[in-house]
Amino acid sequence: MKVTLVGFATLWLLAAGMDIAPAGAEADSGALAKALDRVSGERLLAEVAKLSSEEFNGRQTGSPEDFLSGLYLASQFQAMSLEPPRATSAATQSAEPVPTMTRPVTVTQIEDSPLLQFSLGDQTFPLRPGSDYLPVLDSPSIDAAAPLVFVGYGISDPDCGYDDYAELDVSNKVVLFLRGKPERYPHHATHADKERTARQKGAIAYLTATGPILSAYEARRGLSGRPSAFYGATEGEQVLPGAWIGTEVAERLVAGQGSDGKTLRELQEALNRDPTPRSFVTRALVRMKWISRRAPGTLYNFLFLLPGHDPILKDEIVILGAHRDHFGRQAGLLFAGADDNASGTAVLLEVARVLAQSGLQPKRSILFASFSGEEQGLLGSTLYVSRPVFPLQRTVAMINVDHAGIGNGRLTVGVTGLDKSVVARAGQVAGLTDHVDLFGFFPGGDHVPFKEAGIPTVTVVTGGVHPHFHQPSDTADTIQPDLLRTATRYVLALTWGLANQERLTAQDKGR
């Protein structure tokens, strides 16, 4: 991976020559209050509608539409008179504008009219894409029919006394495993681990499903048992064809079978209770057929800077980031990605717009980062951390905004490396003290590579259930503009506070 300059002269040469209008002395609290009042729910909703429209076709990482959505954002930043950051070349010692960072990716698309059906005896049951199942988005093409084997949670760890594949032959069969793991199992069990195990055991394909018994995390996220879009394997690894099926479909495939004829719920209860395998060959024959097209693409991170104006602190950086990628058009379904994450991208634009129009001048520099590749394993944010435009030791905090358009009216804020009082002050400044719930580390999102690099992070999402998570139903008409405005006001106050606090102490920065 390397940092690459894009030869779009009209994109960065114009922007590089524009300066932020001077605002005079440091803005007082009254000026910030006026800036907070400039935040527009209508404008935010319009940006979400734009980004989640068919014009950008779901913004799949590396696709032409993902790039076009980035160019659209660049045009908006340019209209605000923001400029690309300037990185100094070690060879020339010259400062050059860096509007983008790029890396190659593979763009995978499941073509229209996929087929997944199962037969029990002389009855065949066709399944509907979207409601009954979704192919895992990095699946290869498949045209096969094979017996189905239920393999519990799909974990094989004999050294730990847990093996769902014990004394079971799954060669040339399709396996069905539950998502997650039993609470008593002491190790992580990722989807990629389960897929790898199925492949090593000789399975030709897999199905996965959420069990009827939800973990506390799954219940908090409001999972309904519906299939969701996602990428399954670790980047660069050989993949097995697979699909996520609905919980009700999984129940029909296994209920009343096995040695004791249990329901799926009873099987999951037993798996959660003790390590005895509950795996068995079902009576179902599964037919899977779809075409998966793969093509080379390019991931683009778009970067724009609001320069700091303090003689000393201007060389320190606060990053405000949001991923703009989603899943594109898969299996004949458009995944528009309004809440995930056109909403966070709209927040990014609105914060930049309000700061630019108000004339407020931060002490530290603020880097606005539109990442791609989040859905494929945090590729864009990992790229930035591996090749930062500004030295990481000068980056005082990274703020990540994701899923900011739907919820219960509250904000869920995850904090690492900062004293929570620093983050709580933003809620006070924005008049949202009673709407902000502070937590520690969130395990997923573009903040993770920064956290792992030792940079303090703040993650902002709207609280409560996000019912359209990774669904084709995640469209602009589901977005709550008042909640989006609340999130933006908080992020604006937080960004401004971190950019202007006189000194981030060692305790504040967690270093």
Side-chain angles (χ1 to χ4, degrees), residues 44-45 47-63 65-66 69-70 73 130 134 136-138 210 217-218 220-224 226-232 244 299 301 320-331 333-350 369-381 399-408 411-414 442-448 459-481 483-484 486-488 491:
L44 284 158
L45 186 58
E47 293 291 7
V48 171
K50 171 78 172 179
L51 290 164
S52 58
S53 68
E54 292 199 7
E55 177 182 357
F56 298 127
N57 203 36
R59 311 180 308 278
Q60 185 180 9
T61 303
S63 68
E65 293 86 0
D66 179 34
S69 69
L73 297 180
L134 280 169
V136 176
L137 300 186
D138 50 4
T210 302
Y217 174 70
E218 290 169 333
R220 189 165 60 248
R221 282 179 51 195
L223 293 189
S224 63
R226 292 179 302 175
S228 295
F230 79 113
Y231 297 94
W244 184 334
L299 174 153
N301 292 337
L320 176 57
H323 80 90
R324 72 178 185 279
D325 63 296
H326 199 54
F327 297 114
R329 191 178 296 272
Q330 303 285 353
L333 303 168
L334 175 62
F335 290 82
D339 185 41
D340 180 22
N341 187 34
S343 65
T345 304
V347 171
L348 187 77
L349 279 177
E350 185 70 0
S370 173
F371 297 116
S372 188
E374 192 267 357
E375 303 291 5
Q376 287 188 255
L378 315 180
L379 297 181
S381 51
I399 305 166
N400 181 39
V401 189
D402 204 346
H403 297 93
I406 296 175
N408 59 9
L411 300 178
T412 298
V413 181
F442 285 4
D446 277 327
H447 57 287
V448 174
T459 309
V460 182
V461 302
T462 45
V465 173
H466 292 251
H468 308 287
F469 178 73
H470 288 195
Q471 303 288 327
S473 56
D474 183 10
T475 53
D477 59 337
T478 67
I479 298 298
Q480 302 162 243
L483 185 53
L484 194 55
T486 294
T488 305
V491 172

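Note that this is a predicted model, so its numbers are computed, not measured. Any value given below was found using the heavy atoms of this structure, including those in side chains, with hydrogens, waters and symmetry copies removed.
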Q) What are the two closest heavy atoms between A346 and V48, and how far apart are they? A) CB-CG2, 3.8 Å
Q. Do any N or O atoms from the side chain of H470 and from the backbone of A229 form a donor-acceptor pair under 3.5 angstrom?
A. yes
Q: Grab the two heavy atoms, one from A369 and one from L348, that are nearest each other, plus how far apart they are.
A: O-CD2, 3.8 Å
(Q) Between T412 and T462, is there a side-chain heavy-atom distance shorter than 4.5 Å? (A) no
Q. Is any side-chain heavy atom of P481 less than 4.5 Å from a side-chain heavy atom of L44?
A. no
Q: Using only heavy-atom distances, determine whether the side chains of S372 and D66 contain a donor-acceptor pair under 3.5 Å.
A: yes
Q) To the nearest 0.5 Å, what is the distance between NE2 (H466) and CG (D340)? A) 9.5 Å
Q. Taking atom types as modelled and ignoring hydrogens, do the side chains of S69 and R324 form a donor-acceptor contact shorter than 3.5 angstrom?
A. yes
(Q) Please report the interatomic distance CG(L349) to NZ(K50), rounded to the nearest 0.5 Å. (A) 12.0 Å
**Q.** E375 CD to Y231 OH distance, which is reported to the nearest 0.5 Å
**A.** 7.5 Å
(Q) Please report the interatomic distance NE2(H447) to CG(N400), rounded to the nearest 0.5 Å. (A) 6.5 Å
Q: Answer yes or no: is there a side-chain heavy-atom contact under 4.5 Å between Q330 and L333?
A: no
Q) Atom CD1 of I479 and atom OG of S52: how far apart are they, to the nearest 0.5 Å? A) 7.5 Å
Q) If you look at every heavy atom in F335 and H326, which pair is closest and at what distance? A) O-CD2, 3.2 Å
Q. Do D325 and Q60 come within less than 4.5 Å of each other through their side chains, counting heavy atoms only?
A. no
Q. So, do V461 and L411 sit near enough that their side-chain heavy atoms are less than 4.5 Å apart?
A. no
(Q) Just so I know, are the side chains of E54 and E65 near enough to count as touching, which here means a heavy-atom distance under 4.5 Å? (A) no
Q: Begin with the C-alpha distance, continue with both residues' side-chain angles, and end with the deciding distance and a verdict on side-chain contact (heavy atoms from CB on, under 4.5 Å) for D402 and H323.
A: CA-CA 7 Å; D402 204 346; H323 80 90; 3.4 Å; yes
Q. Considering only heavy atoms from C-beta outward, does the side chain of E374 approach that of N341 to under 4.5 Å?
A. no
Q.
Before you tell me yes or no, could you show the steps for V491 and L320 under side-chain contact (heavy atoms from CB on, under 4.5 Å), namely the whole-Å CA-CA distance, both residues' side-chain angles and the distance that decides it to 0.1 Å?
A. CA-CA 9 Å; V491 172; L320 176 57; 3.7 Å; yes
Q: State, yes or no, whether a side-chain contact exists between V448 and F442 at a heavy-atom distance under 4.5 Å.
A: no
Q. Which atom pair, heavy atoms only, marks the closest approach of A404 to L484?
A. O-CD1, 3.3 Å
Q.
Donor-acceptor pair, distance only, cut-off 3.5 Å: does the side chain of R59 make one with the backbone of G337?
A. yes
Q.
Show the nearest heavy-atom pair for residues G407 and Q480, with the distance to one decimal.
A. N-OE1, 2.9 Å
Q) Any side-chain donor paired with an acceptor under 3.5 Å for Q471 and S228? A) yes
Q: Any chance you could measure L299, atom CG, to T61, atom OG1, to the nearest 0.5 Å?
A: 6.0 Å
Q. At their closest point, which heavy atom of A338 faces which heavy atom of A476, and how far apart are they?
A. CB-N, 3.5 Å
